[in-house]
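As structure tokens, the structure follows; a few thoughts come after it.
From a predicted model like this one, the values you see are computed outputs, not experimental measurements. Proteins come first, then strands; the chains are lettered A, B, ... in the order of their sequence lines, and each starts at number 1.
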Amino acid sequence: MAVSSSLFTSAFQGSMSLSSRKTCNKDFMFNHSSLSKQSGYLKSIYPRNPRFLPNEKLTKLELTNRLSERKGALCCALELDNTPSFSVGKKFQLDDVIEAQQFDKEDLSAIFEVARQMELIEKNSPGSQILKGYLMATLFYEPSTRTRLSFESAMKRLGGEVLTTENAREFSSAAKGETLEDTIRTVEGYSDIIVMRHFASGAAKRAAATADIPIINAGDGPGQHPTQALLDVYTIEREIGKLDGIKVGLVGDLANGRTVRSLAYLLAKYKDVKIYFVSPDVVKMKDDIKDYLTSKGIEWEESADLMEVATECDVVYQTRIQRERFGERIDLYEEARGKYIVDRRVLGAMPKHAVVMHPLPRLDEITVDVDSDPRAAYFRQAKNGLYIRMALLKLLLVGW
Amino acid sequence: MAVSSSLFTSAFQGSMSLSSRKTCNKDFMFNHSSLSKQSGYLKSIYPRNPRFLPNEKLTKLELTNRLSERKGALCCALELDNTPSFSVGKKFQLDDVIEAQQFDKEDLSAIFEVARQMELIEKNSPGSQILKGYLMATLFYEPSTRTRLSFESAMKRLGGEVLTTENAREFSSAAKGETLEDTIRTVEGYSDIIVMRHFASGAAKRAAATADIPIINAGDGPGQHPTQALLDVYTIEREIGKLDGIKVGLVGDLANGRTVRSLAYLLAKYKDVKIYFVSPDVVKMKDDIKDYLTSKGIEWEESADLMEVATECDVVYQTRIQRERFGERIDLYEEARGKYIVDRRVLGAMPKHAVVMHPLPRLDEITVDVDSDPRAAYFRQAKNGLYIRMALLKLLLVGW
Amino acid sequence: MAVSSSLFTSAFQGSMSLSSRKTCNKDFMFNHSSLSKQSGYLKSIYPRNPRFLPNEKLTKLELTNRLSERKGALCCALELDNTPSFSVGKKFQLDDVIEAQQFDKEDLSAIFEVARQMELIEKNSPGSQILKGYLMATLFYEPSTRTRLSFESAMKRLGGEVLTTENAREFSSAAKGETLEDTIRTVEGYSDIIVMRHFASGAAKRAAATADIPIINAGDGPGQHPTQALLDVYTIEREIGKLDGIKVGLVGDLANGRTVRSLAYLLAKYKDVKIYFVSPDVVKMKDDIKDYLTSKGIEWEESADLMEVATECDVVYQTRIQRERFGERIDLYEEARGKYIVDRRVLGAMPKHAVVMHPLPRLDEITVDVDSDPRAAYFRQAKNGLYIRMALLKLLLVGW
């Protein structure tokens with residue numbers, strides 16, 4: 001019978017996915033889901049996420065195997081030697097969003113293509129209902145209202161529903177000592193996708209290794225914040241019109257900002273890119289990223305002259321100097337903080353087509369009088385986060 | 001072509017709105033939105049709130065101009081000399097709900113008319129879907145679960161969706177120093193309307209000057225709480241059947257309660273109203289409101305005899321004596337607190353058609369045995385808050 | 001006219017319900033709602049919960065009467081002598097879910113029948129919309145993210161909407177001194193059903209005595225957590241296939257765990273059940289439950305040998321030893337905690353058809369290597385909570 005036969009196929013694919021999961025560092029996203037997608041029939045009789053396999057026993061076998069993977073699955077910050085690709089045929093398959101490194105250039109184009117479609121969705125149009133019936137859980141172990149609202153808005157703009165947890169640390173875990181894995185297994189029983197923010201690096205990878213539903217990393221401590229990296233690159237493409245051949249000035253705290261590190265990493269995938277690093281001495285870009293850029297043939301330069309860089313660049317990407325990084329050396333913080341301000345003078349030096357970006361929130365590293373200039377792209381950049389997250393939710397829950 | 005021409009019109013209206021925005025104290029609510037509403041065509045091709053102008057550059061010019069308005073835009077408590085009117089033709093246009101003073105008598109009737117329609121909406125009727133596809137963000141800088149739930153219920157009863165922020169102080173703002181204006185610009189990218197509660201007087205006005213989407217003030221510190229004022233007047237009309245010619249006893253903390261101050265202000269718009277002030281000496285009604293009532297020809301009287309006032313009034317409006325206003329003088333608090341209690345004896349003195357109102361929460365200033373009397377209107381009053389908020393959301397998002 | 005006549009009937013039924021409410025201990029759930037359910041016509045013209053009586057005056061009379069019930073309504077933990085039945089004809093009527101004792105064997109079968117239907121509801125099928133237009137308020141006076149998410153997921157899986165309050169203690173109550181009754185009266189104006197978690201035993205009963213809409217007790221302090229008890233029994237039936245004739249080992253903290261107490265109580269309703277108590281001496285099962293089981297002819301036995309019990313049982317129900325119960329005697333805690341661990345050795349002793357259950361969260365009282373065994377039922381048990389809550393929401397809001 002067709003039904004049971006396709007269920008069997010799916011179970012079989014489930015077991016295949018295990019071996020590919022084990023080779024996690026090479027292509028950890030390639031699993032049964034990508035295969036089962038080819039079987040349109042399966043989806044029509046079993047309309048949930050294809051990772052909900054009906055065969056209970058097999059799923060449990062998978063769980064065991066995945067548990068054994070856990071120890072090796074901890075990721076540390078931005079692992080530069082890790083360049084997986086998980087394209088299948090012309091269209092890639094997306095199972096989780098864990099780190100910027102999981103995306104190659106083709107993946108990025110594909111996601112950006114969907115994001116542009118998302119921009120065009122009208123209120124109450126059929127497109128606004130493509131995630132109807134789907135339930136997203138936001139499992140936030142530390143508050144990040146901005147990111148949470150952006151994801152929840154994305155889900156609701158597509159007709160989906162949301163379960164919110166803003167203080168997941170109290171989710172038994174801290175108070176009662178439950179493991180992250182147990183929490184994930186409980187929450188995945190209530191929802192179709194989990195957006196997780198955690199204080200510990202590598203937490204999202206652990207969650208993905210446990211869950212049978214998609215996980216999106218909304219920031220795991222000093223580790224990764226891949227949707228921010230995606231929206232940054234998307235914004236550059238939208239504002240400048242291209243990614244190959246662009247010149248980008250990264251300004252501010254380059255040592256601690258995971259945003260600029262991820263951005264530099266992703267830009268290295270494009271041709272003829274030039275990157276300028278402009279930062280106070282105490283928070284300079286670290287060598288690992290510089291070495292990586294060099295190894296990829298990407299030209300980079302350190303500069304102390306923001307005005308000169310401004311005249312050269314397509315994008316001036318400003319970041320906040322984070323006081324908490326300076327401990328008791330408030331004098332160093334104050335010195336670093338006031339050094340590179342983007343104001344109307346800097347704006348005056350910039351080409352007409354160039355833009356100012358910032359991951360927000362900003363303090364005074366961009367003066368308020370810059371906001372009214374059409375080249376101030378940071379609020380449009382924040383809005384682009386919505387479209388990127390809509391695109392990812394669509395890709396993870398219903399595919400292309 | 002029709003489309004681009006109407007877009008151009010809308011952009012033009014946008015720029016017109018700026019000059020009217022600048023004369024903020026006279027009629028600050030009259031802007032491009034009121035004009036663009038006349039163009040039904042625009043709405044049908046661009047179904048979002050008409051304030052989302054497609055022309056990005058112009059919007060940015062607006063932003064600059066609005067920023068320059070900011071310093072003058074701080075409102076202080078209840079400004080009595082401020083009587084704007086923003087009626088356009090027979091139906092008024094509503095862009096934001098910031099303070100009780102923005103409404104004249106006709107506006108109030110219009111809102112109440114819509115609120116009565118809201119009372120009749122049945123579950124799963126077409127009326128229950130009029131805000132389908134719209135997204136409201138509740139941006140609460142201090143907790144007020146009662147008010148938040150009332151707004152969220154109103155939105156959902158009309159088919160709309162909600163993004164909730166209960167601890168918006170942690171929304172980067174306090175922790176990271178982001179300005180309210182930057183937060184508003186980010187959140188307006190995720191939602192269609194913002195309901196804001198803030199600890200600082202004037203915050204709602206600042207938000208409205210920044211936002212391109214409607215703002216509703218759900219209380220800004222000691223400043224305004226306009227939806228409470230509206231639901232109070234609505235309740236009197238619903239319970240007594242009229243507003244002209246009524247006698248209202250305001251009881252309790254008249255010095256600090258913004259509710260009774262706003263109510264006195266709004267009642268002054270009606271004919272032949274008489275107001276009695278019944279309060280302990282330490283929390284008497286302040287002179288500004290008394291002078292205002294006198295200037296409007298409203299009769300008022302201070303009384304120390306609640307029983308006598310009860311025999312005269314259509315409405316006995318009781319309020320809570322707020323302990324926090326007395327600092328270390330607990331003796332004064334205890335004395336003030338026990339002085340005017342509405343109990344069955346007071347009820348016995350009241351006319352059969354009269355009602356007892358209270359903004360809630362109550363402690364013991366109304367005894368529990370009053371609850372069962374049909375004249376105890378305070379829980380119906382709370383419920384009316386739902387209908388008023390439904391009406392405002394409808395008016396702000398889809399108009400008449 | 002049919003309409004007004006059926007409304008009158010409903011009002012009359014409302015007054016009848018009062019007398020039945022007063023005999024609360026015998027059949028406190030039998031009220032006007034059960035009667036008005038028989039009139040299908042009433043529901044079609046008045047589609048809200050039948051407890052929303054249109055006759056305002058009568059409702060207020062009811063309130064008074066209910067207020068007078070309050071003092072006697074406080075329930076203390078698990079009252080064993082309390083065996084109400086509220087079956088009406090073949091199908092029972094459900095108005096509130098307050099405590100495990102309110103359900104008899106037939107009620108349980110009926111709820112489980114609905115829960116099994118819930119398991120089969122497909123995304124975007126007609127079944128997934130049966131609570132469309134209904135609004136549930138989660139009023140949580142203490143955080144319990146797990147329980148809250150489970151209820152909110154249940155509501156949304158059926159097309160309903162949710163108002164969330166995670167820190168209801170700040171809901172004026174603690175801060176401003178409002179009574180629970182006043183809070184309930186306000187919140188019932190905004191929603192169609194209230195799911196309440198409270199720190200005080202008996203709070204749910206007080207809420208139900210006040211509210212005109214259904215109340216579900218999601219845990220009230222050391223008192224009751226009836227939906228946990230229901231999902232436990234449901235899980236046993238789903239996993240073992242029967243409830244009569246089963247053997248259950250209750251392991252861990254039997255003195256303080258309300259879960260195991262409620263479970264023992266409910267199991268006593270079935271035939272030929274045998275219960276084993278396995279616990280450290282300091283947290284042994286209390287005499288009231290033992291006496292109750294004996295009085296019902298249920299065989300029970302205390303054992304210190306988990307391995308032997310494991311070979312006998314259909315269900316090994318493990319619980320967490322709660323550190324907070326031991327005060328400063330950390331030595332006793334550590335001793336108790338390590339004594340009875342369910343690991344692969346215990347699993348090896350268990351029959352093939354048996355299962356391990358746990359109310360979660362677990363610490364190390366079940367080792368992680370047990371998770372992969374098909375007999376590890378605890379995550380399926382958590383998922384069953386979703387179906388039980390879906391069933392209860394359906395029964396309370398739209399009936400059979």
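Between A/Glu178 and the options C/Arg362, C/Arg146, C/Arg320, a side-chain contact (heavy atoms from CB on, under 4.5 Å) holds for only C/Arg146.
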Check: What's the verdict on side-chain contact (heavy atoms from CB on, under 4.5 Å) for C/Glu161 and A/Glu161, showing C-alpha distance, side-chain angles and the deciding distance?
Finding: CA-CA 9 Å; C/Glu161 267 295 342; A/Glu161 268 295 343; 2.6 Å; yes
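In this structure the side chain of A/Leu135 reaches within 4.5 angstrom of the side chain of C/Ser153, judged on heavy atoms. Considering only heavy atoms from C-beta on, A/Arg185 comes within 4.5 Å of C/Asp371 through its side chain. A/Asp182 has its side chain out of reach of C/Tyr378: every pair of non-hydrogen atoms, C-beta onward, lies at least 4.5 Å apart. Contact check for A/Thr164 versus C/Thr164: no side-chain heavy atoms found under the 4.5 Å cut-off.
There is no contact between C/Gln322 and chain A, counting heavy-atom distances below 4.5 Å. With a 4.5 angstrom heavy-atom cutoff, C/Arg323 does not touch chain A via any of its atoms.
Distance check, rounded to the nearest 0.5 Å: CG of C/Leu149 to CG of A/Leu139 gives 8.0 Å. Note: A/Ser191 OG to C/Glu152 CD = 12.0 Å, rounded to the nearest 0.5 Å. Here the CZ atom belonging to C/Arg389 is positioned 6.0 Å from the OH atom belonging to A/Tyr190, to the nearest 0.5 angstrom.
Contact count against chain A (heavy-atom pairs under 4.5 Å) is highest for C/Ser150 among C/Gly159, C/Ser150, C/Ser125, C/Ala382.
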